[in-house]
Amino acid sequence: MNAYAPILVLGALGAGFAIFSVVMATLIGPKRYNRARLEAYECGIEPTPTPAGGGRFPIKYYLTAMLFIVFDIEIVFLYPWAVSFDALGIFGLVEMLLFVLTVFVAYAYVWRRGGLEWD
């Protein structure tokens with residue numbers, strides 16, 4: 001447990017700072033609300049009214065998000081594997097090949113659906 005104490009202390013400090021910042025901003029921040037302040041900010045463009053159902057997003061948004069998540073997860077698993085490659089031996093190599101094959105299937109799906117083409 002002593003090995004995890006610094007990690008727990010750092011996590012508690014981070015959470016405490018985040019909670020403190022949000023609470024203090026609501027307590028001492030300005031409370032003057034007007035119509036312009038309550039509008040959604042769209043980079044200086046006048047916001048357009050949304051349909052009653054909330055509108056539909058093209059599939060490319062979801063495919064881009066899925067591609068981003070797939071490659072983030074790939075890096076999260078590839079880095080520790082590369083660090084301990086010698087210790088894992090042939091088992092680690094086969095498991096990583098299966099993992100990369102799975103990532104390739106997701107990549108091929110996004111490619112086939114047109115997620116990599118920008119209009």
Side-chain angles (χ1 to χ4, degrees):
M1 187 64 181
N2 288 338
Y4 295 110
I7 296 171
L8 293 174
V9 169
L10 184 62
L13 282 173
F17 179 75
I19 292 170
F20 175 77
S21 298
V22 170
V23 169
M24 291 309 291
T26 57
L27 291 178
I28 63 175
K31 305 215 180 349
R32 296 180 305 268
Y33 297 108
N34 56 23
R35 183 172 174 248
R37 185 177 173 106
L38 295 175
E39 288 285 331
Y41 180 69
E42 295 184 10
C43 301
I45 301 171
E46 290 292 324
T48 57
T50 57
R56 297 183 62 158
F57 287 100
I59 190 70
K60 287 189 179 190
Y61 289 111
Y62 299 109
L63 289 176
T64 303
M66 186 173 74
L67 189 66
F68 177 75
I69 290 171
V70 163
F71 284 112
D72 268 1
I73 291 172
E74 181 184 16
I75 293 302
V76 164
F77 284 118
L78 277 176
Y79 184 72
W81 173 77
V83 169
S84 63
F85 175 72
D86 291 337
L88 294 175
I90 193 74
F91 174 75
L93 180 63
V94 170
E95 289 296 323
M96 191 50 65
L97 286 176
L98 290 173
F99 175 71
V100 169
L101 181 68
T102 306
V103 169
F104 180 72
V105 168
Y107 175 72
Y109 174 76
V110 171
W111 187 2
R112 177 88 171 141
R113 296 289 296 194
L116 302 175
E117 298 171 8
W118 296 101
D119 297 330

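When reading the values below, keep in mind they use all heavy atoms of this one structure, side chains included, and skip hydrogens, waters and symmetry mates. Starting from 1, each residue takes its place in the sequence as its number.
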Ile73 CD1 to Ile75 CD1 distance, which is reported to the nearest 0.5 Å: 11.5 Å
Rounded distance (nearest 0.5 Å) linking atom CG of Leu101 with atom CE of Met96: 12.5 Å
Common cluster, Val103/Tyr79, ILVMFWY with side-chain heavy-atom separation under 4.5 Å: no
Path from Leu97 to Phe99 over hydrophobic side-chain contacts below 4.5 Å: yes
Trace of the side chain to side chain contact (heavy atoms under 4.5 Å, CB included) decision for Tyr107 with Val70: CA-CA 8 Å; Tyr107 175 72; Val70 163; 5.8 Å; no
Within 6.0 Å of CZ in Phe71, more than 12 heavy atoms from elsewhere: yes
Any side-chain heavy-atom pair of Val105 and Tyr109 under 4.5 Å: no
Validation: residues 5-28 side-chain donor-acceptor distances under 3.5 Å, sequence neighbours left out:
| residue | atom | partner | partner atom | Å |
| --- | --- | --- | --- | --- |
| Ser21 | OG | Phe17 | O | 2.9 |
| Thr26 | OG1 | Val22 | O | 3.4 |
| Thr26 | OG1 | Val23 | O | 2.8 |

Using atom types as modelled, flag every donor-acceptor pair under 3.5 Å from a side chain in residues 81-90 to any protein atom, sequence neighbours excluded.
| residue | atom | partner | partner atom | Å |
| --- | --- | --- | --- | --- |
| Trp81 | NE1 | Gly92 | O | 3.2 |
| Ser84 | OG | Pro80 | O | 3.1 |

